Amino acid sequence: MQKITAEKGAKEAYWGKMDEVKVIEIKKSVFADNDADAARLREELRAKGVFLLNLMSSPGSGKTTTLIKTINLLKDRLRVAVMEADIDSDVDAKKILAATGVQSIQLHTGGMCHLDAEMTRQGLCGLDLENIDLCILENVGNLVCPAEFDTGASKNCMILSVPEGDDKPLKYPLMFSVCDLVLINKIDVAKYFDFDLNRCKQYIAMRNPNAEVIEISALTGEGVDKFADWLVQQVKK
Amino acid sequence: MHELGVVFYIIKDVKDVAEENNVGKVHSVTLEIGEVSTVIPHMLIDCWNWAVKKEPVLDGAELKIEQIDAVTYCEDCKGTYPTVKYGKICPLCGSEHTYLLKGNEVNIKEIEAS
């Protein structure tokens with residue numbers, strides 16, 4: 001008798017608990033909030049007349065050197081600012097400021113591999129947006145994660161450097177499919193590497209037929225004027 | 001690679017839903033993860049188990065993952081095929097004019113809460 005009572009009690013306790021637990025259907029993309037926030041930020045920047053470029057690449061592709069060369073060509077034509085995103089340190093922001101004199105701030109992602117729209121918004125709060133035409137966000141060096149998260153940028157650009165190899169569009173398809181412009185950097189050393197420029201362009205076109213490609217060498221300055229002109233055109237739009 | 005960031009998004013969404021529905025304890029969260037979404041389930045679960053300890057509403061909640069198989073559509077032969085096995089080129093006709101139909105999702109499907 002005792003045993004039955006115990007079982008009955010347990011059953012009631014079990015079903016009683018189950019009654020309280022409800023299933024709530026959500027059916028929503030994890031990225032939906034960030035995508036909506038990014039769209040809002042893009043609109044706010046448009047209203048303010050600020051063009052935000054999200055610049056992505058692997059570590060060591062020459063992002064900072066490219067930026068210094070480009071900004072020095074542009075700073076008489078546009079009011080430029082830079083946001084440097086890294087996991088740690090402020091070497092890039094200091095380097096940009098010392099070499100160009102433009103507004104430059106460092107964002108720390110605190111271990112995160114990418115920036116999202118909210119982090120970008122916080123960074124923008126540290127800049128004098130009223131006096132900026134072009135803001136360049138140097139994203140965390142990484143070809144995977146930054147491609148997943150919309151930062152709210154007006155356009156996405158990535159740098160692929162020759163030593164990384166011409167097969168990268170095949171290995172990191174998402175990165176190439178979200179970029180409006182691909183800069184192929186370190187073109188001056190192409191002959192020392194097994195890098196086939198035409199093959200690389202074909203692979204980029206496979207991933208993203210609308211992507212523009214500009215070949216540059218941040219070291220010699222070759223092609224950097226074309227990138228600067230591209231930016232001027234985008235800001236004017 | 002960005003599983004921790006994804007976990008923070010999920011926690012934020014689930015906390016909002018819990019508040020809207022007046023529930024104080026979340027027992028489980030079910031996700032739908034596409035096969036080619038780049039999110040790695042076991043890493044997501046590791047990050048989840050670490051992050052939920054800091055959230056009283058979610059502490060101890062189980063993360064359940066349902067996989068969505070990746071399927072690619074061919075614009076030329078109108079066929080479909082499994083993406084992971086064949087990639088970008090259609091195994092039926094050899095065309096490169098293909099696009100992903102499904103398998104890229106990272107969705108929160110439902111939660112169990114009381």
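Below, chains carry the letters A, B, ... as their sequence lines are ordered, and counting in each starts from 1. Model, not experiment: these values are computed from the prediction.
In the displayed structure, A/Asp194 atom CG is contacted under 6.0 Å by at most 12 heavy atoms of other residues, nucleotides or ligands. Atom CD of B/Gln67 has more than 12 neighbouring heavy atoms from other residues, nucleotides or ligands inside a 6.0 Å radius. Within a 6.0 Å radius of NZ in A/Lys48, no more than 12 heavy atoms belonging to other residues, nucleotides or ligands are found.
Rounding to the nearest 0.5 angstrom, the gap separating the OG atom in A/Ser177 from the CG atom in B/Leu100 is 10.5 Å. Interatomic distance, A/Glu118 CD to B/Phe8 CZ, rounded to the nearest 0.5 Å: 14.0 Å. Remark: A/Ile26 CD1 to B/Glu32 CD distance equals 11.0 Å, nearest 0.5 Å. Rounding to the nearest 0.5 Å gives a distance of 12.5 Å between OG1 of B/Thr38 and OH of A/Tyr172.
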* To do: Go through the steps to decide whether B/Ile111 and A/Val23 satisfy the test side-chain contact (heavy atoms from CB on, under 4.5 Å), and finish with yes or no.
  => CA-CA 6 Å; B/Ile111 64 171; A/Val23 175; over 6 Å; no
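Two residues are said to be in side-chain contact when any heavy atoms from C-beta on lie closer than 4.5 Å; B/Asp13 and A/Asp33 meet this criterion. In this structure the side chain of B/Val23 reaches within 4.5 angstrom of the side chain of A/Lys22, judged on heavy atoms. With a 4.5 Å cut-off on side-chain heavy atoms, B/His2 and A/Glu148 count as touching. Between B/Val17 and A/Ile24, some side-chain heavy-atom pair lies under the 4.5 Å cut-off.
Only the side chain of B/Lys88 comes within contact range of chain A, judged by heavy atoms closer than 4.5 Å. With a threshold of 4.5 angstrom between heavy atoms, B/Glu96 approaches chain A through side-chain atoms but not through N, CA, C or O. Heavy atoms of B/Thr30 lying under 4.5 Å from chain A are absent altogether.
The pair B/Glu110-A/Lys27 fails the salt-bridge criterion, with no side-chain N (NZ, NE, NH1 or NH2) lying under 4.0 Å from an Asp/Glu carboxylate O.
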